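Here is the structure we will look at, set down as structure tokens.
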Amino acid sequence: MRETRGNGLIRKLRLKFVAVCMAMVTAVLAVVCFAIFAALRGNVEDLSRQVLHRVIQEEGRQPEIGVEVGGDTLLLPYFTVSVWPGRDGTYAAYVTGGTYAALEDTEALTAILEDCLSQPRPEGVVQDYSLRYLRRDNGLYRTLAFVDMSMERRLLREMMGSYLVIVLAAFSLLLGVSVLLARWATSPVERAWSQQRQFLSDASHELKTPLTVILSNAELLSALPLEERPARWTDNIL
């Protein structure tokens, strides 16, 4: 019973040690993952901005722009629009290039342009259509470039997936190391508990022999008449 209790206490101590270690490891890995995600997201957004600046400079040439991911080239969907203001506050818009088809004179294009032109910043995002835009004023007209953000998200997922595999492998490795460290850290406690148990067992065995003799003599003495009991027995028992 005592041995089972001791093993249970040592097991709980090891589990607590592993739990504390893995809590710290998880916190560190979470910070690392967040930092990696923020850095990758910034890089991907910078890539989209570079694409926007390139297509707005090469308006009408329709260059194929892509990025390498896992050996494959992902083409970034984009399009450019020239906006000419009218006298009555209206404007005329013409799609001047890009990879989108059948976009001219559509309700979607009108909604995209209205959202883009209503924003004060020359760079931003059209949230409803997941488009990143760049607006340039050419004096008589404006040139607008749009890049599909779905490629940003896909690229970010691809890159984060590779890093998450590394993080999970590191977590598994550190879990194994924590278990080994828990065994090493609790081995002195386990050894002390074993020595204490052995001491109690030896002490119980050493005390068992004289107690047996005393009890035997007491039983024999109680069975004899008082005058027949040797005085030495009485003295020994006393």
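Remember, it's a predicted structure, so these values are computed and weren't measured experimentally. Just so it is clear, the values below take in all heavy atoms, side chains as well, and ignore hydrogens, waters and symmetry mates. In this chain, residues are counted from 1 in sequence order.
Put simply, the side chain of Thr26 reaches to within 4.5 Å of the side chain of Phe171, judged on heavy atoms. Within the 4.5 Å cutoff, the side chain of Tyr94 has heavy atoms near those of the Trp84 side chain. Looking only at side-chain heavy atoms (C-beta outward), Val32 and Phe37 stay at 4.5 Å or farther from each other. Residues Phe79 and Leu109 are in side-chain contact: their nearest non-hydrogen atoms beyond the backbone lie under 4.5 Å apart. A 4.5 Å side-chain heavy-atom check between Leu117 and Leu144 finds at least one atom pair inside the cut-off. A heavy-atom distance below 4.5 Å is found between the side chains of Val83 and Val81.
Pairing each heavy atom of Cys33 with each of Val167, the nearest pair is SG-CG2, 3.6 Å. Smallest separation of non-hydrogen atoms from Leu52 and Ala145: CD2-O, 3.3 Å. Residues Gln119 and Val125 come closest through the heavy atom pair NE2-O, 3.0 Å. Residues Ser178 and Val18 come closest through the heavy atom pair O-CG2, 3.8 Å.
At a threshold of 4.5 Å between side-chain heavy atoms, the hydrophobic network of Ile, Leu, Val, Met, Phe, Trp and Tyr places Leu131 and Leu113 in one connected group. Residues Tyr91 and Val95 fall within the same hydrophobic cluster, defined by Ile, Leu, Val, Met, Phe, Trp and Tyr side chains chained together at heavy-atom separations under 4.5 Å. By the rule that hydrophobic residues join a cluster once side-chain heavy atoms approach within less than 4.5 Å of another member, Val28 and Leu174 end up as members of separate clusters. Taking hydrophobic clusters as Ile, Leu, Val, Met, Phe, Trp and Tyr residues chained together by side-chain heavy-atom distances below 4.5 Å, Leu40 does not share a cluster with Met149.
One distance of note links CG of Leu29 with CD1 of Ile166; it measures 12.0 Å at 0.5 Å rounding. Between Phe17 atom CZ and Arg14 atom CZ the span is 11.0 Å, to the nearest 0.5 Å. Rounded to the nearest 0.5 Å, atoms CG (Leu156) and CG (Asn43) are 10.0 Å apart. Distance check, rounded to the nearest 0.5 Å: CZ of Arg142 to SG of Cys116 gives 8.5 Å. A distance of 4.5 Å separates CE in Met22 from CG in Leu175, rounded to the nearest 0.5 Å.
Between the side chain of Asp115 and the main chain of Ala111, no donor-acceptor pair closer than 3.5 Å is present. Using a distance-only test at 3.5 Å, with no hydrogens or angles considered, no donor-acceptor pair links the side chain of Gln50 to the main chain of Glu45. A donor-acceptor pair is defined here as one N or O able to donate and one able to accept, closer than 3.5 Å; no such pair exists between the side chain of Ser130 and the backbone of Val126.
A salt bridge does not link Glu123 to Arg135: none of the charged nitrogens lies less than 4.0 Å from a carboxylate oxygen.
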**Item:** Residue pair Leu134, Arg49: steps toward the side-chain contact (heavy atoms from CB on, under 4.5 Å) verdict
**Value:** CA-CA 8 Å; Leu134 174 64; Arg49 293 188 184 97; over 6 Å; no
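Side-chain contacts under 4.5 Å among hydrophobic residues (ILVMFWY), followed directly or transitively, place Phe34 with no other residue at all.
Counting only N and O atoms by type, the side chains of Arg136 and Asn138 include a donor and acceptor under 3.5 Å apart.
The aromatic rings of Phe146 and Tyr133 are tilted relative to each other, their planes meeting at an angle between 30° and 60°.
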